[in-house]
Protein chains: 2
Amino acid sequence: MSDTRAKLLDAAARTVSTDGLAAASARAIAARAQVNQALVFYHFGTVAELVEAASRQRVADSVEHYRERFGAITTLSELLALGRELHERERAAGNVALMAQLMSGGQHDPVLARAARHAMDCWTAEVQAVLTRVLASSPLADVLDLAGLARAITAGFIGLELVEGVDPAGATAALAALERLGLLVEVVNDLGAVGRRALRAKLRNRR
Amino acid sequence: MSDTRAKLLDAAARTVSTDGLAAASARAIAARAQVNQALVFYHFGTVAELVEAASRQRVADSVEHYRERFGAITTLSELLALGRELHERERAAGNVALMAQLMSGGQHDPVLARAARHAMDCWTAEVQAVLTRVLASSPLADVLDLAGLARAITAGFIGLELVEGVDPAGATAALAALERLGLLVEVVNDLGAVGRRALRAKLRNRR
DNA sequence: GTCTATAAGATGATAGAC
DNA sequence: GTCTATCATCTTATAGAC
């Protein structure tokens, strides 16, 4: 890949994650890449397509980086611990902010929507695979919809990032509360047969 | 309040929620309000301040509309049912989309950040009050941080809206998974003394 | 592939008439 | 309070020289 393309991709991702989508004009990105503004359109057609390509690259790199770590997870509490670490690292790298901007921009731009969907799908697939493995013999697997839960977790990371940006203290409180909720899941998980019976009964009741 | 101000407030809220913050220029809002563009600046100073005022009005109206409904809630499952209804109604009214746009815009604009914080604070206060009342005698109240949990729930609504915009099927799956998780909370809640003991033990273990 | 120059238009905001 | 007119600035995108 040409040097210019690489510089633009990196500059696009950095501009969106640090200054937001609204500030990510062709000129702003090109300036950060120290490249002529017209090259954005020569190489990528439109600004949105450049941002999409940049997002795909970031997601591919990040998921790759965590693949073997995910593979080594065997228990629910290990997964929660890795989730904490991953959230912190990806946040610091600006990748969560990038996804959040894509999600909001994607509400009214089909190219950005495609980028947001792709990013969510990549992370969701990883999370779902680990959840399925870790909860294979748990009573929770019968009751929880792991595909949906994986997606809710990915969405939760993005939601927390947005809250963090406007109310840091609130985001910290929310994250702490969710970790307490994780504890609750572990409790039911540890209940084994008792928990399984209680869950099934509840489920029958509800239908 | 003058007719023009009211028309601008309504038009601003509608423009942001249907077309997004990026399309909410002074001209676009004024056109929807059928009012001269210069009046945006005469009445509100800047576009961001108009959007903030519009958001505050919407939030005040919505919270007021649900106040007595919230007050009538006595059980956890009633609360979950009202949450479903509220989410659906507020979504349809565009108020969740409005909040989502404020959150993402607020990442880099202090005025929008203030509006987003205010909206979150209003809803969080309502949710927390109900949670505290409903879980007063539950083993969950000891373990969960209700203030943080209320904030996480508000953030979750916004996150779901963003996912819905880029991947409707995924959002539906995520919501269904979260309702299953709510079931799980109910199970522990119903366990009474047994659940309380298990939760406390788990909490001790973790520290 | 890269550059300059420029078209064609939108934007926030203001001055000043009424 | 409301209007018109306007400024200065920004935007995407392209044409054409090198």
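Below, chain A is the first sequence line, B the second, and so on; all start at residue 1. The shown structure was predicted, so the numbers you read here are calculated from the model rather than taken from an experiment.
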Residue pairs fulfilling ring-ring contact (aromatic ring centres under 6.0 Å, His included) with at least one residue in residues 17-49 of chain A, sequence neighbours excluded:
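Pairs touching residues 17-49 of chain A that pass the test: none.
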
Using the ring-ring contact (aromatic ring centres under 6.0 Å, His included) rule, collect all pairs that involve residues 102-151 of chain B, keeping only residues at least two apart or in two chains.
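Counting only pairs at least two positions apart or across chains, no ring-ring contact (aromatic ring centres under 6.0 Å, His included) contact touches residues 102-151 of chain B.
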
Those residues at least two apart in sequence (or on a different chain) that pass side chain to side chain donor-acceptor pair (under 3.5 Å) with B:Thr154 are B:Thr124

How about A:Arg133: does its CZ atom have over 12 heavy atoms from other parts shown lying under 6.0 Å from it?
yes

DNA chain D-proximal residues of residues 20-51 of chain B, any heavy atom under 4.0 Å
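Of all residues in residues 20-51 of chain B, the ones placing a heavy atom under 4.0 Å from DNA chain D are B:Arg27, B:Asn36, B:Ala38, B:Leu39, B:Tyr42, B:His43.
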
Chain A vs DNA chain C, heavy-atom contacts under 4.0 Å, first-to-last nucleotide span, 5' to 3', is C:dG1 to C:dT6

Any pair counted as salt bridge (Lys or Arg N to Asp or Glu O under 4.0 Å), so long as it reaches residues 36-53 of chain A, sequence neighbours left out
A:Glu52-A:Arg56, A:Glu52-A:Arg114

By the side-chain hydrogen bond (donor to acceptor under 3.5 Å, both in side chains) test, which pairs, at least two apart or in different chains, include something from residues 31-41 of chain B?
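Qualifying pairs, neighbours excluded: B:Thr15-B:Arg32, B:Thr18-B:Arg32.
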
For B:Val134, what residues pass the side-chain contact (heavy atoms from CB on, under 4.5 Å) criterion, not counting sequence neighbours?
B:Ile73, B:Leu76, B:Val130

Which residues pass the side-chain contact (heavy atoms from CB on, under 4.5 Å) test with A:Ala174, sequence neighbours left out?
A:Leu160, B:Arg151, B:Ala152

Those residues of residues 100-115 of chain A lying under 4.0 Å from DNA chain C by at least one heavy atom:
none

Going by ring pair (Phe, Tyr, Trp, His ring centres under 6.0 Å), name the residues that satisfy it together with A:His87, two or more places apart in sequence or in a different chain.
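Checked A:His87 against ring pair (Phe, Tyr, Trp, His ring centres under 6.0 Å); matches are A:Phe157.
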
What residues, two or more places apart in sequence or in another chain, satisfy salt bridge (Lys or Arg N to Asp or Glu O under 4.0 Å) together with B:Glu179?
B:Arg84

